[in-house]
Amino acid sequence: KKTTATLKFEIEKVKNDILYVRDLDGYIWEVDIAGIPRPPLELMQIGMHIRILGFSLDEEIFIAESIRPWRPSFIK
């Protein structure tokens, strides 16, 4: 089942085309970023908060359609 969402994550690890990120509940996700332009290096640092638009394939894998910095103005 494909579920589309925009979520806030904290980067835990970057490995090739996979981001390992932690969500607000503390759960670790694998985010496939192979299908999008490579985000800027300053956005891809461990501990950085980002928002990811994309969809989940299951309870562990999220396919990114875009990655942006997290800004408080997005919290509504």
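These values consider heavy atoms only, across backbone and side chains, with no hydrogens, waters or symmetry-generated copies. Note that the structure is predicted; figures quoted are calculated from it, not measured.
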Please give me the minimum heavy-atom distance between Leu19 and Met44, naming the atom from each residue.
CD2-CE, 3.2 Å

Using the salt bridge (charged side-chain N to carboxylate O under 4.0 Å, His left out) criterion, which residues pair with Glu12? Sequence neighbours excluded.
Arg22

Looking at every non-hydrogen atom in both residues, tell me the closest pair between His49 and Glu10 and how far apart they are.
NE2-OE1, 3.6 Å

Nearest non-hydrogen partners of Ile52 and Ala64, listed with the distance
CG2-CB, 3.8 Å

Which ILVMFWY residues are connected to Ile18, directly or by a chain of links, through side-chain heavy atoms under 4.5 Å apart?
Tyr20

Less than 4.5 Å apart, any side-chain heavy atom of Ile63 and any of Phe55?
yes

Phe9 CZ to Phe62 CZ distance, which is reported to the nearest 0.5 Å
5.0 Å

Atom pairs and distances, side-chain donor-acceptor, residues 26-41, under 3.5 Å, sequence neighbours left out:
from	atom 1	to	atom 2	distance (Å)
Tyr27	OH	Glu59	O	3.2
Trp29	NE1	Asp23	OD2	3.0
Asp32	OD1	Ala34	N	2.8
Arg38	NH1	Asn16	O	3.0
Arg38	NH2	Asn16	O	2.9

State, to 0.1 Å, how close Lys8 and Leu24 come at their nearest heavy-atom pair, and which atoms those are.
CD-CD2, 4.0 Å

